Trainee: 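First, the structure itself, so that you have it in front of you.
As the structure is a prediction and not an experimental result, all values here were calculated from the model.
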Amino acid sequence: MIEINNFTKSYYSFSHKKPLFSVHDISFNVEPGNISGLLGPNGSGKTTIMKAICGFHFPCSGDIFVTDRDGNKINACENSELIPDLIGYVPEKSILPPDMYVKDFLDYAASMHGLSGEEKSKALKKVIDECSISDVTHKKIKTLSKGYLQRVSFAQSIIHDPPNLILDEPVSGLDPAQIIQMRKLIKKMAETKAVLMSTHLLQEVYSLCNNINIISNGNLVASGTEKEILAQTKCRNLEDSFMKLTAGKAENGNE
């Protein structure tokens, strides 16, 4: 489980007295076995929230808790060194070493998570099969298509079988066939993990998410199932609800 309590994050610069961007007082949970959507316009604060969960930066106020494999809640700020073992992170743009072969890269990723011997061999076989990348393990990463890059990025994120998964725009730039394959993979991962997925595509929310958290200008403006959000906004469909809730344009270029 991922638990966010009153998360606030502000950015400053020497040339501005006011914050350049802030995420204000965000609270929501991501339960195991569920896919929770983080939906909002570009610049609304989605990536700021996700990176804080991963321990890349810390809240100005509030708390973030991540559940370990035994169900214990770990404070992501106080124990940031433990978070990489408990979360798999797939960024929007794959950041992979271009000159490494796929198999060598995944072997390296497994070693970085402390896997070795038979345990590492089983983990490699499992992610290669689950992500359907067996036909490119012998290729260099720089030769891969966008779809395969996403799948390799996904494979490295689950090599250590984390209980929580963070996906930042996981279908961005994929063709229709690749989107279908990625949706199947995400649904399979959600059977045993808590999954938080950011997107600005309503179709992905319809296809994948059990719960929806709508972010606008750094604020959580709605949270719940599609039915609950429609009741809150008194709209007939999610498209109208989204437009109503995010009518204010994002004020900056941060995600």
Side-chain angles (χ1 to χ4, degrees), residues 1-3 30-36 50-51 53-56 64-145 147-168 170 178 181-197 208:
M1 185 177 81
I2 299 168
E3 182 179 327
V30 184
E31 301 289 341
N34 282 293
I35 303 173
S36 185
M50 301 181 95
K51 287 185 175 180
I53 297 171
C54 294
F56 296 157
I64 297 173
F65 296 96
V66 178
T67 302
D68 66 14
R69 294 173 181 82
D70 298 319
N72 302 308
K73 291 203 305 184
I74 307 299
N75 190 306
C77 301
E78 297 176 359
N79 303 279
S80 59
E81 75 281 1
L82 302 179
I83 299 305
D85 185 51
L86 305 179
I87 284 180
Y89 175 59
V90 181
E92 178 180 1
K93 295 181 179 179
S94 299
I95 307 173
L96 306 174
D99 288 316
M100 287 190 76
Y101 291 96
V102 171
K103 183 70 175 292
D104 291 342
F105 168 67
L106 293 177
D107 185 278
Y108 170 76
S111 297
M112 291 298 292
H113 283 288
L115 302 179
S116 61
E118 186 177 353
E119 183 182 23
K120 180 165 72 171
S121 297
K122 288 181 178 180
L124 286 169
K125 185 180 185 305
K126 183 179 180 181
V127 299
I128 288 170
D129 290 342
E130 287 182 334
C131 297
S132 302
I133 55 174
S134 59
D135 53 341
V136 297
T137 54
H138 64 289
K139 293 185 177 181
K140 284 191 174 184
I141 289 172
K142 65 183 178 183
T143 67
L144 301 182
S145 67
Y148 274 117
L149 283 173
Q150 283 290 83
R151 280 188 261 174
V152 172
S153 184
F154 211 111
Q156 65 81 26
S157 77
I158 60 173
I159 190 73
H160 56 304
D161 193 24
N164 307 284
L165 196 58
I166 303 292
L167 310 176
D168 194 354
Q178 293 167 342
Q181 293 170 339
M182 187 58 66
R183 285 177 184 166
K184 290 180 179 178
L185 180 57
I186 293 169
K187 288 179 179 178
K188 184 175 182 179
M189 292 298 105
E191 293 174 2
T192 58
K193 306 179 189 300
V195 180
L196 177 62
M197 183 187 81
L208 293 168

Trainee: For a quick test of reading the model, state the closest non-hydrogen atom pair linking Leu124 to Lys103 and the distance between them.
Mentor: CD1-CE, 4.3 Å

Trainee: Report the C-alpha separation of Asp85 and Arg69 in whole Å, then their side-chain angles, then the decisive distance to 0.1 Å, and conclude whether the salt bridge (Lys or Arg N to Asp or Glu O under 4.0 Å) test is met.
Mentor: CA-CA 10 Å; Asp85 185 51; Arg69 294 173 181 82; 2.9 Å; yes

Trainee: Should the pair Arg151 and Tyr148 be classed as cation-pi, given the thresholds of under 6.0 Å to the six-membered ring centre and 45° from the axis?
Mentor: yes

Trainee: How many angstroms lie between atom OG1 of Thr143 and atom CG of Asp99, to the nearest 0.5 angstrom?
Mentor: 10.5 Å

Trainee: Would you give the length of the straight line joining atom CD1 of Ile186 to atom CG of Leu167, rounded to the nearest 0.5 angstrom?
Mentor: 5.0 Å

Trainee: Looking only at heavy atoms, what is the nearest atom pair of His138 and Tyr101, with distance?
Mentor: O-CD2, 3.1 Å

Trainee: Please examine the side chains of Gln156 and Val127, heavy atoms only from C-beta on, and report whether any two atoms are closer than 4.5 Å.
Mentor: no

Trainee: Starting at CG of Leu115, measure out to CG of Asp161 and round the result to the nearest 0.5 Å.
Mentor: 9.5 Å

Trainee: Would you say the side chain of Ile141 lies within less than 4.5 Å of the side chain of Pro97, judging by non-hydrogen atoms?
Mentor: yes

Trainee: If you define the side chain from C-beta out and look only at heavy atoms, does anything of Thr67 sit under 4.5 Å from Pro163?
Mentor: no

Trainee: For the residue pair Glu130 and Lys188, establish whether any side-chain heavy-atom pair is separated by less than 4.5 Å.
Mentor: yes

Trainee: Taking all non-hydrogen atoms of both residues, which atom of Pro162 and which atom of Gly88 are closest, and how far apart?
Mentor: CG-N, 3.6 Å

Trainee: Run the salt-bridge test on Lys187 and Glu191 with the 4.0 Å N-O cut-off and return the result as yes or no.
Mentor: no

Trainee: According to the interplanar angle, ranging from 0 to 90°, do the rings of His113 and His160 count as parallel (below 30°), tilted (30 to 60°) or perpendicular (above 60°)?
Mentor: parallel

Trainee: Looking only at non-hydrogen atoms, find the nearest pair between Pro170 and Met182 and report the distance.
Mentor: O-CG, 4.0 Å

